[in-house]
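Heads up, the thing below is written out as structure tokens.
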Amino acid sequence: MPNIKSAKKRVKVIAAKSEFNKAIKSDLKTALKKADAAVAKNDAGKAEAVRVTIKKIDQAAAKGILHKNAAARKKSQLVHKLNASNA
């Protein structure tokens with residue numbers, strides 16, 4: 001445990017930010033799973049699920065939780081699955 005006041009504050013701030021980032025990552029993973037399931041089942045709302053997931057991916061990338069190239073890769077893979085299911 002740190003002794004210096006500023007170091008104690010940093011520990012608290014980092015813990016709060018970690019919780020926030022963890023919540024966003026968890027929400028993103030859930031959305032990805034729902035979109036994959038919708039595409040796999042050939043659900044009627046699969047396009048909407050993919051659209052919502054892409055928005056969450058963009059938000060995570062904007063906040064720095066997900067690298068921009070990783071975000072682009074995830075979106076590309078998702079759209080590729082969607083297009084393959086429509087063909």
Side-chain angles (χ1 to χ4, degrees):
M1 190 69 195
N3 294 324
I4 299 168
K5 188 176 181 181
S6 62
K8 288 178 183 177
K9 181 179 178 181
R10 291 308 312 154
V11 168
K12 288 167 93 175
V13 168
I14 289 168
K17 285 185 177 187
S18 294
E19 284 295 316
F20 180 74
N21 291 345
K22 189 175 179 183
I24 291 175
K25 279 184 187 178
S26 176
D27 190 37
L28 177 62
K29 287 178 188 177
T30 302
L32 283 166
K33 287 178 188 173
K34 283 182 182 178
D36 280 339
V39 169
K41 282 196 289 186
N42 214 0
D43 221 357
K46 64 184 174 183
E48 178 65 20
V50 168
R51 190 186 65 76
V52 169
T53 304
I54 287 176
K55 183 176 180 181
K56 288 186 186 220
I57 291 170
D58 284 335
Q59 287 173 338
K63 290 179 176 143
I65 294 166
L66 200 61
H67 191 273
K68 66 175 188 167
N69 291 353
R73 185 177 65 246
K74 286 183 186 298
K75 291 192 296 185
S76 176
Q77 289 171 343
L78 202 55
V79 171
H80 183 74
K81 287 178 190 174
L82 179 65
N83 290 340
S85 72
N86 287 339

With hydrophobic residues grouped by side-chain heavy-atom distances under 4.5 Å, do Ile65 and Ile57 end up in a single group?
no
Look at the side-chain heavy atoms of Ile, Leu, Val, Met, Phe, Trp and Tyr, link any pair under 4.5 Å apart, and say whether Val39 and Val79 land in one connected group.
yes
What pairs of residues pass the salt bridge (charged side-chain N to carboxylate O under 4.0 Å, His left out) test when at least one of them lies in residues 68-77, not counting sequence neighbours?
Asp58-Lys75
Residues 76-87 vs salt bridge (charged side-chain N to carboxylate O under 4.0 Å, His left out), sequence neighbours excluded, gives Asp36-Lys81
Partner residues of [X] under the salt bridge (charged side-chain N to carboxylate O under 4.0 Å, His left out) criterion, sequence neighbours left out:
X	value
Lys56	Asp27
Arg51	Glu48
Asp43	none

Say you draw a straight line from NZ of Lys46 to NZ of Lys41; how long is it, rounded to the nearest 0.5 Å?
12.5 Å
How far does NZ of Lys63 sit from NZ of Lys25, to the nearest 0.5 angstrom?
13.5 Å
Residues Ala31 and Thr53: closest non-hydrogen pair is O-OG1, 3.2 Å
Kindly give the heavy-atom pair with the smallest separation between Leu78 and Ala35, and that separation in Å.
CD1-CB, 4.0 Å
Test side-chain contact (heavy atoms from CB on, under 4.5 Å) applied to Ile24 and Gln59, step by step
CA-CA 9 Å; Ile24 291 175; Gln59 287 173 338; over 6 Å; no
Using a 3.5 Å distance criterion without hydrogens, assess whether the side chain of Ser76 forms a donor-acceptor pair with backbone atoms of Ala72.
no
Quick check against the 3.5 Å criterion: does Ser85 have a side-chain atom that pairs as donor or acceptor with the backbone of Asn42?
no
Residues in side chain to side chain contact (heavy atoms under 4.5 Å, CB included) with Lys9, at least two apart?
Val13
